[in-house]
Amino acid sequence: MLLAIDCGNTNTVFSIWNGSEFLCTLRTSTHHARTADAYFTWYSTLVKHYGIEVDITDVIISSTVPRVVFNLRVFADRFFGCRPMVVGKPDCALPVPPRVDPGTLVGPDRLVNTAGAWSRHGGDLIVVDFGTATTCDVVATDGAYVGGVIAPGVNLSLEALHTAAAALPHVDVTTPPRVIGTNTVDCMQSGVYWGYIGLVQGLCAKIRDEYARPMKVIGTGGLAPLFAQGADLFDEIEDDLTMHGLTVIHDYNKKG
Ligand SMILES: Nc1ncnc2c1ncn2[C@@H]1O[C@H](COP(=O)(O)OP(=O)(O)O)[C@@H](O)[C@H]1O
Ligand SMILES: CC(C)(COP(=O)(O)O)[C@@H](O)C(=O)NCCC(=O)O
Ligand SMILES: [K+]
């Protein structure tokens with residue numbers, strides 16, 4: 001079975017794929033100094049807890065944090081006896097190569113989202129991913145990643161307010177009761193909630209104008225459903241899009 005690992009700047013997610021469905025999704029914070037042994041202690045405890053101690057034969061990794069890849073490679077080799085595929089490395093081919101400026105290293109998560117979205121929806125897509133950064137990935141008609149947008153993430157923006165302004169507390173993102181806040185927390189939540197809805201609507205409208213063809217918008221990342229409650233932002237929400245993309249890329253490389 002395949003172990004798919006998606007390492008973002010905030011969280012690292014492991015999912016086991018049996019060829020037709022994901023058996024589990026395990027989440028831990030991303031920490032570059034976590035050792036192979038520490039990954040295994042955490043992983044083996046959880047798979048035992050869920051009663052899914054399956055035989056892992058293949059591992060694929062996408063990581064936006066280059067430094068974690070070393071320990072994840074050791075983890076795959078030591079505990080599953082396999083050499084992982086690492087998205088973005090020359091020996092891991094993509095179904096369709098990206099078309100960007102020469103020398104640009106596209107975030108592997110964006111390449112994986114592209115492959116996943118293209119396999120489900122075909123081309124002419126905007127993938128909006130609410131992670132540490134909020135990104136838009138544009139998928140062309142032929143399935144190529146052709147660029148997009150990087151904006152600060154929702155939690156990053158709230159954290160930045162708290163860090164930079166002495167009187168602003170730490171707050172969590174949620175739907176505010178009204179747009180016009182009548183206390184500090186409501187004001188901050190309104191700014192971020194309605195601000196990001198406007199940001200996504202505005203960016204998608206501008207991308208559509210520039211791309212000049214009809215496009216479908218796919219939302220992903222843990223916060224996509226929360227923002228979709230406030231406005232009609234997405235044609236689809238797919239919280240497993242990155243994991244699905246990893247299985248697509250793995251399949252593509254296996255078939256040669
Ligand atoms: N369902 C959720 N509700 C609230 N916050 C969430 C949810 N899912 C993710 N987050 C927060 O969004 C931020 C980005 O998380 P994540 O999608 O894991 O990012 P990355 O892929 O960059 O590691 C983190 O601060 C995380 O705590
Ligand atoms: C834009 C990102 C920081 C998003 O990372 P994430 O929010 O998933 O942690 C990541 O895709 C990245 O480091 N990209 C490299 C630059 C680029 O994609 O053009
Ligand atoms: K992202």
Side-chain angles (χ1 to χ4, degrees), residues 4-15 25-32 34 39 61-69 72 86-89 94 97-117 125-139 144-163 170-176 185 188-189 192-193 195-197 199-200 203-204 207 217-230 233-234 237-246 249:
I5 302 177
D6 165 31
C7 174
N9 283 287
T10 306
N11 290 311
T12 297
V13 183
F14 283 40
S15 254
T25 297
L26 316 175
R27 195 176 290 268
T28 184
S29 56
T30 297
H31 183 42
H32 69 82
R34 187 171 289 124
Y39 280 114
I61 300 167
S62 160
S63 179
T64 57
V65 184
R67 284 173 78 187
V68 304
V69 175
L72 287 171
V86 181
V87 177
K89 299 289 175 201
L94 296 168
R99 286 194 291 278
V100 289
D101 296 349
T104 298
L105 280 180
V106 181
D109 55 326
R110 309 177 78 189
L111 299 171
V112 173
N113 281 345
T114 296
L125 307 173
I126 304 170
V127 179
V128 182
D129 187 335
F130 293 88
T132 308
T134 299
T135 49
C136 299
D137 310 323
V138 175
V139 184
Y145 168 89
V146 291
V149 173
I150 301 173
V154 174
N155 282 292
L156 202 56
S157 301
L158 279 168
E159 243 354 89
L161 278 178
H162 170 56
T163 306
H170 168 84
V171 300
D172 291 323
V173 58
T174 187
T175 317
V185 169
M188 291 170 71
Q189 283 171 337
V192 168
Y193 187 77
Y196 271 83
I197 286 180
L199 176 132
V200 171
L203 287 174
C204 289
I207 291 170
V217 183
I218 316 297
T220 190
L223 296 172
L226 182 71
F227 286 96
Q229 282 166 24
L233 298 179
F234 311 118
I237 294 181
E238 291 175 1
D239 59 358
D240 68 343
L241 187 67
T242 312
M243 279 300 157
H244 172 64
L246 282 170
I249 293 174

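Being a predicted model, the structure only gives us computed values, none of them experimental. For the single chain, residues carry numbers from 1 onward in sequence order. As the structure lists them, so they are numbered: ligands from 1, and atoms in each ligand from 1.
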Rounding to 0.5 Å, atoms OG1 (Thr134) and CG (Asp129) come to a distance of 8.0 Å
What do you reckon, does Thr10 have a nitrogen or oxygen under 3.5 Å from a nitrogen or oxygen of ligand 2? no
Heavy atoms of Thr242 and Val112 approach each other most closely as O-CG1, 3.1 Å
If you scan protein heavy atoms around atom 11 (C) of ligand 1, the nearest is Asn155 ND2, 3.2 Å
So the atoms of ligand 2 within less than 4.0 Å of a heavy atom of Ala133 turn out to be 4 (C), 7 (O)
Are any of the N/O atoms on Arg110, whether in the backbone or the side chain, positioned under 3.5 angstrom from an N/O atom of ligand 2? yes
Ligand 2 to Asp109, heavy atom cutoff 4.0 Å, flagged ligand atoms 4 (C), 5 (O), 6 (P), 8 (O), 10 (C), 11 (O)
Smallest heavy-atom separation, Leu226 atom then Thr174 atom, equals CD2-CA, 4.1 Å
Under a 3.5 Å cutoff, is there a donor and acceptor pairing between the side chains of His244 and Glu238?
no
Heavy atoms of Pro108 and Ser63 approach each other most closely as CG-O, 3.1 Å
Are any of the heavy atoms in Leu223 under 4.0 Å away from ligand 1? yes
3.4 Å cut-off met by an N, O or S atom of Ala133 to the K ion (ligand 3)
yes
### ligand 2 to Thr135 polar contact by distance, N or O atoms, under 3.5 Å
no
Hits for side chain to side chain contact (heavy atoms under 4.5 Å, CB included) against Val149, two or more places apart or cross-chain, chain-then-number order -> Cys136, Leu203, Ile207
Looking at Val100, Asn9, Asp6, Val106, the heavy atom closest to atom 6 (P) of ligand 2 belongs to Asn9
re atom 23 (O) of ligand 1, the protein heavy-atom contact at minimum distance is Asn11 N, 2.7 Å
Would Tyr145 and Arg110 count as a side chain to side chain donor-acceptor pair (under 3.5 Å) here? Give the steps. CA-CA 8 Å; Tyr145 168 89; Arg110 309 177 78 189; 3.1 Å; yes
The closest protein heavy-atom partner of atom 21 (O) of ligand 1 is Gly8 CA, 3.8 Å
Phe130 heavy atoms within 4.0 Å reach ligand 1 at atoms 17 (O)
Notebook entry, point to check: Taking distance alone, with no angle check, do Gly131 and ligand 2 share an N/O pair under 3.5 Å?
Noted result: no
Cys204 and Val128 have their tightest heavy-atom pair at SG-CG2, 4.2 Å
Quiz item: Any side-chain donor paired with an acceptor under 3.5 Å for Thr30 and Thr12?
Solution: yes
Atom 14 (N) of ligand 2 sits nearest the protein heavy atom Gly107 CA, 3.4 Å
For Gly131, the ligand 1 atoms with a heavy-atom partner under 4.0 Å come out as 14 (C), 17 (O), 19 (O), 22 (O)
When distances are taken from atom 1 (N) of ligand 1, the protein heavy atom at minimum range is Gly222 O, 3.3 Å
for atom 22 (O) of ligand 1, nearest protein heavy atom and its distance come out as Thr132 OG1, 2.5 Å
Review point. Do the numbers put Arg34 on top of the ring of Tyr39, so that NZ or CZ is under 6.0 Å from the six-membered ring centre and no more than 45° off the axis?
Key: yes
Inset, instruction - Could you establish whether Thr134 and ligand 2 come within less than 4.0 Å of each other, counting only heavy atoms on the residue side? - result: no
* To do: Kindly assign one of parallel, tilted or perpendicular to the pair Tyr193 and Phe227, based on the angle between their ring planes and the thresholds 30° and 60°.
  => parallel
dist Thr132:OG1 -> Glu159:CD (nearest 0.5 Å) comes out at 12.0 Å
Counting heavy atoms under 4.0 Å, the part of Thr132 that contacts ligand 2 is both
The closest protein heavy-atom partner of atom 16 (C) of ligand 2 is Leu105 O, 3.7 Å
